[in-house]
Amino acid sequence: MSLERINFMSVPIDVCSPDNLENEILELLAKPGTKQIVFLSLWDLLKVKSKGEYSECLRNASLVLPVSKSILSGARFLKKAVPVRYNPFDAIIQILSILENHYKTLYMLGSNKKTLEKAESNVRATFPGLRIVGKCVGYYSKNIEDDIIQAIHKAQPSLVIVSDGIKEKNCWSWNRRTRFSSSIFVYYKEAFGIFSGKIRRISEKTYSRGLEFFVEVIRNPFKIFLFFPYLYYIFKLVLYKLFKDGD
């Protein structure tokens with residue numbers, strides 16, 4: 001099954017089955033230049049403007065994978081092809097397994113020194129055949145950024161995982177895309193926190209039911225106010241259904 005990209009509320013989203021993910025990753029590795037995988041949440045989708053760096057980042061991303069159940073139900077409501085929902089951490093595990101099986105390399109960027117070192121240790125133990133060619137903490141001072149970019153360029157890692165401590169998030173690699181050689185970049189804020197054991201993973205049962213929002217509210221009660229953006233999303237869906245059904 002080949003990859004299908006749909007236009008959902010003017011945002012590109014890829015319909016990619018987990019069984020086809022390995023082929024997609026290997027095809028990306030064979031292409032020159034900077035590539036990017038984006039995990040798209042409902043809240044990210046609502047932040048997309050017609051113009052702007054994040055919008056450009058999404059339009060040019062190699063893979064845009066939805067992580068919110070509401071995006072799937074919205075695609076179904078608009079009678080689009082329904083994409084597969086991904087758990088970001090599980091997807092990263094799958095990608096690392098693919099890279100290990102093909103003797104590829106990894107660079108780790110983000111988090112603080114203690115968390116990053118523990119995450120690196122656990123990744124090495126879990127994926128012994130995967131070569132880690134470098135790492136750098138997040139929250140770095142601007143004057144060392146050129147050194148970080150040069151280090152990644154020279155190492156030419158197959159994959160760069162970008163985690164917390166990188167202010168521009170997905171747009172970090174997009175804004176510097178001409179300064180890298182042939183790496184795939186993927187941003188997931190909690191990646192190193194989970195790998196290090198600092199952050200507890202949301203259970204698969206909770207995630208599959210689409211209840212991870214309530215876990216986030218328990219961690220941060222102020223997220224209950226995301227209910228209002230959700231109502232705005234429903235309103236936008238209805239407008240698209242009525243006036244932009246062919247979009």
With distance as the sole test, does Tyr233 use its side chain to make a donor-acceptor pair with the main-chain N or O of Ser70 at under 3.5 Å? yes
Quick check: is Ile93 connected to Phe192 through a chain of hydrophobic side chains (ILVMFWY, heavy atoms under 4.5 Å apart)? yes
Could you go through the side-chain contact (heavy atoms from CB on, under 4.5 Å) check for Ile161 and Tyr188 one step at a time? CA-CA 7 Å; Ile161 296 178; Tyr188 179 45; 5.7 Å; no
Donor-acceptor contact below 3.5 Å, side chain Thr105 vs main chain Ser158: yes
Check whether any side-chain N or O of Lys241 sits under 3.5 Å from a backbone N or O of Phe77 as a donor-acceptor pair, and report yes or no. yes
CZ (Arg176) with more than 12 external heavy atoms under 6.0 Å: yes
Is the backbone of Ser173 close enough, under 3.5 Å, to the side chain of Tyr187 for a donor and an acceptor to pair up by distance? no
Count the heavy atoms of every other residue, nucleotide or ligand shown that sit under 6.0 Å from NZ of Lys189, and state whether that count exceeds 12. no
Any luck finding a side-chain donor-acceptor pair between Asn20 and Ser17 under 3.5 Å? no
Test your reading of the model: is there a side-chain donor-acceptor pair from Gln94 to the backbone of Leu21, 3.5 Å cut-off? no
What do you reckon, are the aromatic ring centroids of Phe195 and Phe89 less than 6.0 Å apart? yes
Quick one, Val48 with Ser10, criterion side-chain contact (heavy atoms from CB on, under 4.5 Å). Give me CA distance, side-chain angles, the key distance, then yes/no. CA-CA 9 Å; Val48 177; Ser10 301; over 6 Å; no
Side chains of Asn143 and Ser141: do they bring a donor and an acceptor to under 3.5 Å? yes
Here the pair of heavy atoms bringing Asp14 nearest to Ser62 is OD2-O, 3.8 Å
Using 4.0 Å as the upper bound for N to carboxylate O, is an ion pair formed by Glu56 and Arg177? no
Within the distance-only criterion (no hydrogens, no angle test), does the side chain of Glu100 pair as donor or acceptor with the backbone N or O of Gly129 below 3.5 angstrom? yes
side-chain contact (heavy atoms from CB on, under 4.5 Å) for Val160 and Trp172? Distances and angles first, verdict last. CA-CA 12 Å; Val160 180; Trp172 188 89; 5.8 Å; no
For the pair Thr126 (side chain) and Val123 (backbone), establish whether a donor and an acceptor sit closer than 3.5 Å, ignoring hydrogens and angles. no
With hydrophobic residues grouped by side-chain heavy-atom distances under 4.5 Å, do Trp174 and Leu58 end up in a single group? no
Do Lys31 and Glu27 meet the salt-bridge criterion of a basic N to acidic O distance under 4.0 Å? no
Taking all non-hydrogen atoms of both residues into account, name the closest pair between Ser181 and Gln156 and its distance. OG-CG, 3.2 Å
Are Leu99 and Met108 connected into the same hydrophobic cluster when the rule is that any two of I, L, V, M, F, W, Y join if their side-chain heavy atoms are below 4.5 Å apart? yes
Do Gln36 side-chain atoms and Cys57 backbone N/O form a donor-acceptor pair below 3.5 Å? no
For a quick test of reading the model, state the closest non-hydrogen atom pair linking Pro66 to Val84 and the distance between them. CG-O, 3.4 Å
May I ask you to decide if Asn7's main-chain N or O and Lys80's side chain share a donor-acceptor pair within less than 3.5 Å? yes
Minimum heavy-atom separation for Ser68 and Ser41, please, with both atom names. OG-CA, 3.4 Å
Lys35 side chain vs Ser182 backbone, donor-acceptor pair below 3.5 Å: yes
Apply side-chain contact (heavy atoms from CB on, under 4.5 Å) to Phe127 and Leu106, showing your working. CA-CA 11 Å; Phe127 304 97; Leu106 171 68; over 6 Å; no
Write down the atom of Ala75, the atom of Pro83, and the distance for their closest heavy-atom approach. CB-CD, 3.9 Å
Closest approach of Leu159 to Ile95 (non-hydrogen atoms, all atoms of both residues): CD2-CG2, 4.0 Å
Cluster check Val38, Ile166: I/L/V/M/F/W/Y, side chain < 4.5 angstrom: no
Do you reckon Val162 sits in the same ILVMFWY cluster as Leu28, going by side-chain contacts under 4.5 Å, direct or chained? no
